[in-house]
There are 2 protein chains.
Amino acid sequence: MADVAELAKVSPSTVSLYLRRPEAVSASAGSAIARAIDKLNYVPNLVAGGLAAASSRAVSIIVPSVRNAFFAETVSAMQAALRKERLQVILGHTEYDEREEEDLVRTALSWAPAAIVLTGLSHSDATRRMLSKTTVPVIEIWELGGPQIDTAIGFHHQQVGAASARHLIQQGRRHLAYLGARMHEDRRARLRCDGFVAAAQEAGVSVEVIQHPAPASAEVGAMLISETLQQHASTDGVACSNDHVALGVLFECERLGLAVPDRLAVVGFGDLSFSAACNPPLTTIRPSGDLIGKEAARLIIEHLAGHDMPEHATIDTRFTLLHRRSS
Amino acid sequence: MADVAELAKVSPSTVSLYLRRPEAVSASAGSAIARAIDKLNYVPNLVAGGLAAASSRAVSIIVPSVRNAFFAETVSAMQAALRKERLQVILGHTEYDEREEEDLVRTALSWAPAAIVLTGLSHSDATRRMLSKTTVPVIEIWELGGPQIDTAIGFHHQQVGAASARHLIQQGRRHLAYLGARMHEDRRARLRCDGFVAAAQEAGVSVEVIQHPAPASAEVGAMLISETLQQHASTDGVACSNDHVALGVLFECERLGLAVPDRLAVVGFGDLSFSAACNPPLTTIRPSGDLIGKEAARLIIEHLAGHDMPEHATIDTRFTLLHRRSS
DNA sequence: CTGAAAGCGCTAACAC
DNA sequence: GTGTTAGCGCTTTCAG
């Protein structure tokens, strides 16, 4: 920066100012600086900037895993929006472990990020304590309806479950089941299950929960549906913890020669890339992963611009039930 | 850090040393420092550390998109391995755009990262120039066989295409087609296609390329196969740019009542979560996304430990053809 | 094994 | 609109 300043015949602080607010510098100084930067191939050091400003242009995002298409979508949308403001994404994976999360939050804080984004509302006490003490804005995503640290953006997973149940009942189904994968770790899948069961019971319809500890996959879906049909032969409508599981159900039904939706109606969750194309096309619930990321980015950018973030705000990004031929 | 030093009755530099190499500090000083850290709830400031050390504990990873399961896997594996060494992942998405990549590399450099990881071997001239000038180690992943900036880790995509073609020919197929999605942007899909065509021609077998500009999806797969069968009715074996496309082919064949593999053999790429579970289970090629991430992390960690990275090293992580019932 | 000293490259008051 | 000044919180020689 000193070299640039010298070449442009201004002081370093003018260069600094130009870099952060070009409009605050006179046109002549500005263009001289621009030329010098170009000539010297100058790349500002953001680490030094972050230290001096006591806040880096980094946003820490902590998700269970980007292998999960839902979080990949949110991370991707957020990254795209933050990039325009020259904010960097620092990524961490909890692998659904609160201890890992705690550790990630700790190191995240040592980067003095512009904001910390984490997934869900359930965290260890230590995590909660660390975060409520800092001045760094905290955003929790992908879950609503619990105690939140500060801002939360997402939707109510119980409502998703309830919507699935009501849809199946509307289609004339009276013997429901929820097929859940990895529900001991995936709190949000569990909430959807709870909402499903509650809505079914309220409607006076029979409901079972069949689950498997492995992560959601088509294999697990196939196993779960065959188990379900063995134990509860009259089952005529199922909701699945996500579309991978639902796809496995469709595959298994095809192998068993079981007609979908005539004999069994299937509802998924996620609207993944194959969901509209399979046989039959899958009725599913599309969450708002993209919107969650965009809204989070918007809040962070506004906060950085000086608008202080509304305290304890809640943004409900909703979800959509897509009625296709599997139900 | 000064507070910790005071409480532990040592100097700040001893605390600093303890933090980086605990074994270099006496046991008594060490435990006093540990107690002070705990008592004060001290979290080191990595930004300041990065500035002083002229290299931050951050690794910049630039991929086309984490929405793509392949890159999500690599990013995830890398993150997990780097975390153990307290290295942070800074993530950027190019969306298959070399201009974007150039920009991302520029900002990546301004973080003085411990290493920069980017996808593929094809970059803009400016990107190449920036990277060859820095002292930051550069690793290119997911592609082998072109001019590399420094280290490359991945496999040869032409070999993947060739392996698919040879497999189909071995299964007695003589009228091949390659179904490609977004090949104008996805260089690696194009390379696989090239390898496929070359191997087929070499074997004296007929081969067609049918493509669609949209990103790979089951919908695109369905469209591509019906187009193929219309234009080249004798086609009896297809390879697809990835398993999403292949899945769409299976769906469409089912709708058309076309027997797989009797009438048409199908080979995918990716071994995605549904590939073993669908009807029939999909023959596919499993790339080494996980291994790529692990190897990249290993190299970076070794470099940080002082072992200098072998210049212009190439690590071939290979791939595996999984012969299942679709062929 | 420990401590003193000298920055790392930038930002942010503040004065001009 | 521009420059001066005083750090930001750490790391890293180098002595002792």
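We name chains A, B, ... by the order of the sequence lines, and we start the count at 1 in each one.
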Peer 1: Under 3.5 Å, is there a donor-acceptor pair linking the side chains of A/Trp142 and A/Thr74?
Peer 2: yes
Peer 1: Just one of B/Glu101, B/Glu102, B/Arg129, B/Glu100 clears the side chain to side chain donor-acceptor pair (under 3.5 Å) bar with B/Ser124, so which one?
Peer 2: B/Glu102
Peer 1: Can you find a side chain N or O atom of A/Tyr42 that sits less than 4.0 Å from OP1 or OP2 on C/dC10?
Peer 2: yes
Peer 1: Salt-bridged, A/Glu85 to A/Arg57, with N to O below 4.0 Å?
Peer 2: no
Peer 1: Mapping B/Ala29 and A/Val43 to their closest nucleotides on DNA chain C, which lands nearer the 5' end?
Peer 2: B/Ala29
Peer 1: On DNA chain D, nearest-nucleotide positions of A/Glu23 versus B/Met1: which is more 5'?
Peer 2: A/Glu23
Peer 1: Hey, are the side chains of B/Met1 and B/Leu19 touching, using non-hydrogen atoms and a 4.5 Å cut-off?
Peer 2: yes
Peer 1: Quick one: label B/Val47 by what it contacts on the DNA or RNA (base, sugar-phosphate, nothing), any heavy atom closer than 4.0 Å.
Peer 2: nothing
Peer 1: With no hydrogens and no angle check, do the side chains of A/Thr119 and A/Glu140 hold a donor and an acceptor under 3.5 Å apart?
Peer 2: no
Peer 1: Assign B/Ala2 to base, sugar-phosphate, or nothing according to its heavy-atom contacts below 4.0 angstrom with the strands shown.
Peer 2: nothing
Peer 1: Whether A/Arg20 contacts C/dA12 is assessed here as follows: a side-chain N or O lying under 4.0 Å from the phosphate OP1 or OP2. Is that the case?
Peer 2: yes
Peer 1: Among side-chain atoms of B/Glu295 and B/Thr317, is any donor-acceptor pair under 3.5 angstrom?
Peer 2: no
Peer 1: Do the non-hydrogen side-chain atoms of B/Asn68 and B/Val66 ever get within less than 4.5 Å of each other?
Peer 2: no
Peer 1: So, does B/Thr14 get its side chain near the phosphate of C/dG3, meaning an N or O under 4.0 Å from OP1 or OP2?
Peer 2: yes
Peer 1: How long is the line joining CZ of B/Arg21 and C1' of C/dT2, in whole Å?
Peer 2: 13 Å
Peer 1: Taking any atom closer than 4.0 angstrom to a non-hydrogen atom of chain A, what span of DNA chain D does the protein reach, first nucleotide to last?
Peer 2: D/dG1 to D/dG9
Peer 1: From CZ of B/Arg57 over to P of C/dC8, roughly how many Å is that when rounded to an integer?
Peer 2: 22 Å
Peer 1: What nucleic acid atoms does B/Ser13 come within less than 4.0 Å of, heavy atoms only: base, sugar-phosphate, or nothing?
Peer 2: base
Peer 1: Could you list by number each residue of residues 48-55 of chain A showing a heavy-atom separation from DNA chain D of less than 4.0 Å, or answer none if no residue does?
Peer 2: A/Leu51, A/Ala52
Peer 1: If you count heavy atoms of other groups shown closer than 6.0 angstrom to CZ of B/Arg318, is the number above 12?
Peer 2: no
Peer 1: Please determine whether the number of non-hydrogen atoms from other residues, nucleotides or ligands lying under 6.0 Å from atom CD of B/Glu6 exceeds 12.
Peer 2: no
Peer 1: Is A/Ser55 reaching over with its side chain to a backbone N or O of A/Pro113, donor-acceptor style, under 3.5 angstrom?
Peer 2: no
Peer 1: Answer with base, sugar-phosphate or nothing: what part of the nucleic acid does B/Pro44 contact at a heavy-atom distance below 4.0 Å?
Peer 2: sugar-phosphate
Peer 1: Just checking B/Arg99: does its CZ atom have more than 12 heavy atoms from other residues, nucleotides or ligands closer to it than 6.0 angstrom?
Peer 2: no
Peer 1: Using a cutoff of under 3.5 Å, can you pull out all pairs of nitrogen or oxygen atoms linking the protein to nucleotides 14-16 of chain C, with atom names and distances?
Peer 2:
none

Peer 1: Regarding B/Ser110 and B/Thr107, is there a side-chain donor-to-acceptor distance under 3.5 Å anywhere?
Peer 2: no
Peer 1: Could you pick out which residue, A/Asn45 or B/Val25, lies toward the 5' side of DNA chain C when each is mapped onto its nearest nucleotide?
Peer 2: B/Val25
Peer 1: Taking atom C1' of C/dA12 as reference, at what distance in whole Å does atom CG of A/Leu19 sit?
Peer 2: 15 Å
Peer 1: Please state how far atom CG in B/Leu17 lies from atom P in C/dA4, giving the value in whole angstrom units.
Peer 2: 15 Å
